Structure formats: C-alpha cells, structure tokens
Amino acid sequence: MGLCLFPGDGDVTSPDLSLSCTSFHRFRQRLAQAEGFELSQMQRFGGDRLWSDVSTTLEPLLDHPDDDGELSAAQCGAVIPRLEQIAARWEADGGDAVMQQHIDYCHQLVVVMKFCVAEDVELIFG
C-alpha cells in the first residue's frame with residue numbers, strides 16, 4: 001500500500017512525494033532520531049510519551065496519521081527549514097542506500113511543501 005503527499009490545489013501535475021507506508025514510517029523514525037527522540041516511544045506510535053514532552057518544529061509532520069488529513073501552508077513553512085537542515089547534515093555524514101533514500105525524501109518533501117507555501121494550499125496526506 002502506498003502513500004502520496006501532495007498539494008491540495010487539484011492539479012495532478014503539481015509536485016508530490018509518493019512512497020510506501022513502510023518507507024514513510026522509516027523516514028519519520030529517522031527524522032525523529034535526528035531530533036533526539038525515538039518515534040516508537042511517542043503516543044500514536046505505540047509509546048506513552050506525550051508530544052508536549054519533545055520540542056521539534058517537525059511535530060506537525062511526525063505527529064500525524066500516515067494517510068489522512070493535511071498540513072496547512074503555514075505548518076509547511078515552519079517545517080521546511082528544519083527538513084533542509086537535517087538533509088544537509090545527512091548529506092555531510094554520508095551513509096548507506098537507505099540514508100540516501102531518506103535524503104531524497106527530504107528534498108522531495110521540501111519541494112512539495114515550498115509549492116504549498118507559494119500557492120497557499122494545504123499538503124494532503126493520501
């Protein structure tokens with residue numbers, strides 16, 4: 001089963017990020033690790049830790065159902081800088097093929113989110 005993150009502009013030619021639900025989960029796990037916590041310890045992901053216990057600008061992206069709902073253009077704008085910082089750090093560190101895929105996901109997601117901000121449309125999880 002797959003997942004697509006895309007702008008809510010109704011245009012199928014707009015940029016998007018398509019990946020499997022498993023790949024998206026692993027990507028978010030790695031993002032959480034980059035922010036200094038384990039996603040599996042968080043509520044919604046099998047743990048008891050409250051999201052109010054962590055401080056990350058990625059919370060709207062991480063504390064979100066995989067394939068339902070949306071992020072506002074403002075939320076996208078708040079997440080973009082941190083995604084860019086993490087991608088740059090991962091690129092500098094190098095890594096295996098999975099890390100390279102996560103770097104690509106970061107870059108693709110930033111493109112989609114920047115589009116959402118520019119067009120003032122939501123990012124749809126579907």
Side-chain angles (χ1 to χ4, degrees):
M1 189 162 143
L3 168 71
C4 186
L5 284 77
F6 58 95
D9 64 349
D11 185 349
V12 297
T13 64
S14 296
D16 64 48
L17 172 61
S18 296
L19 62 167
S20 72
C21 290
T22 300
S23 294
F24 186 57
H25 180 70
R26 288 183 183 145
F27 174 56
R28 292 198 299 178
Q29 284 178 316
R30 184 157 288 174
L31 288 171
Q33 288 171 348
E35 293 293 79
F37 64 94
E38 294 296 322
L39 197 60
S40 62
Q41 296 174 350
M42 304 306 296
Q43 286 186 342
R44 185 189 305 268
F45 295 95
D48 296 326
R49 191 170 181 193
L50 301 173
W51 282 95
S52 59
D53 291 346
V54 298
S55 176
T56 173
T57 57
L58 299 182
E59 182 180 345
L61 177 64
L62 298 176
D63 182 21
H64 195 284
D66 287 352
D67 61 356
D68 185 39
E70 60 193 44
L71 296 183
S72 69
Q75 287 174 311
C76 290
V79 167
I80 291 167
R82 187 63 185 136
L83 283 177
E84 290 175 324
Q85 290 170 346
I86 290 170
R89 187 174 71 220
W90 288 348
E91 287 173 325
D93 291 346
D96 60 13
V98 174
M99 175 60 85
Q100 293 304 314
Q101 186 63 63
H102 289 168
I103 292 167
D104 290 343
Y105 291 157
C106 261
H107 289 305
Q108 291 174 48
L109 186 53
V110 165
V111 167
V112 177
M113 287 183 158
K114 284 183 175 181
F115 183 90
C116 290
V117 170
E119 298 297 317
D120 194 27
V121 297
E122 64 280 351
L123 174 70
I124 306 291
F125 289 64

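These figures come from a predicted structure and were not determined experimentally. Heads up: numbering here begins at 1 and tracks the sequence.
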Self-check item: 4.5 Å side-chain heavy-atom contact, Met42 and Val54
Solution: yes
Quiz item: Can you name the closest pair of heavy atoms from Ala78 and Thr57 and give their distance?
Solution: O-CB, 4.0 Å
Self-check item: Spatial distance of atom OG (Ser18) from atom CG (Leu3) [nearest 0.5 Å]
Solution: 8.0 Å
Quiz item: Is Phe6 isolated, or which residues cluster with it under the ILVMFWY side-chain rule of less than 4.5 Å, directly or via members?
Solution: Ile124
Self-check item: Parallel, tilted or perpendicular, as decided by the 30° and 60° cut-offs, for the rings of Phe27 and Tyr105
Solution: perpendicular
Quiz item: Closest heavy-atom contact between Gln100 and Gly94?
Solution: NE2-C, 4.3 Å
Quiz prompt | Closest contact, heavy atoms only, Cys76 versus Leu71 | solution = SG-CB, 4.2 Å
Quiz item: Within the distance-only criterion (no hydrogens, no angle test), does the side chain of Trp51 pair as donor or acceptor with the backbone N or O of Gln43 below 3.5 angstrom?
Solution: yes
Self-check item: side-chain contact (heavy atoms from CB on, under 4.5 Å) assessment of Leu31 paired with Leu39
Solution: CA-CA 9 Å; Leu31 288 171; Leu39 197 60; over 6 Å; no
Quiz item: Between CZ of Arg89 and CD1 of Ile103, what distance do you get to the nearest 0.5 Å?
Solution: 11.0 Å
Quiz prompt | Minimal non-hydrogen separation, Val98 against Arg30, with atom names | solution = C-NH1, 4.0 Å
Quiz item: Nearest 0.5 Å, what's the CG-CG distance between Asp104 and Leu19?
Solution: 11.5 Å
Exercise. With side-chain contact (heavy atoms from CB on, under 4.5 Å) as the test, would you mind laying out the steps for Phe125 and Leu5 before giving the verdict?
Key: CA-CA 5 Å; Phe125 289 64; Leu5 284 77; 3.8 Å; yes
Exercise. Decide yes or no on side-chain contact (heavy atoms from CB on, under 4.5 Å) for Phe37 and Leu62, but give the supporting numbers first.
Key: CA-CA 11 Å; Phe37 64 94; Leu62 298 176; 3.8 Å; yes
Practice problem: Could you pull out the closest heavy-atom pair between Gly2 and Cys21, with the gap in Å? | Solution: O-SG, 4.1 Å
Exercise. Apply the side-chain contact (heavy atoms from CB on, under 4.5 Å) test between Val110 and each candidate in Met113, Lys114, Gln108; give the one that qualifies.
Key: Lys114
Practice problem: Applying side-chain contact (heavy atoms from CB on, under 4.5 Å) between Phe115 and each of Asp16, Leu123, Asp9, Asp11, report the one that passes. | Solution: Asp9
Quiz prompt | Between His64 and Gln75: side-chain donor-acceptor atoms closer than 3.5 Å | solution = no
Practice problem: For Val117 and Gly77, work out which heavy atoms get closest and say how close. | Solution: CG2-N, 3.5 Å
Quiz prompt | Gln85 side chain to Arg82 side chain, donor-acceptor N/O pair below 3.5 angstrom | solution = yes
Exercise. Taking the side chain as every heavy atom from C-beta outward, state whether Leu109 and Val79 have any atom pair closer than 4.5 Å.
Key: no
Quiz item: Going through the distances and angles, do Met99 and Asp93 end up as a side-chain contact (heavy atoms from CB on, under 4.5 Å)?
Solution: CA-CA 10 Å; Met99 175 60 85; Asp93 291 346; over 6 Å; no
Quiz item: Do any N or O atoms from the side chain of Arg49 and from the backbone of Glu38 form a donor-acceptor pair under 3.5 angstrom?
Solution: no
Quiz item: Hey, are the side chains of Gln29 and Phe45 touching, using non-hydrogen atoms and a 4.5 Å cut-off?
Solution: no
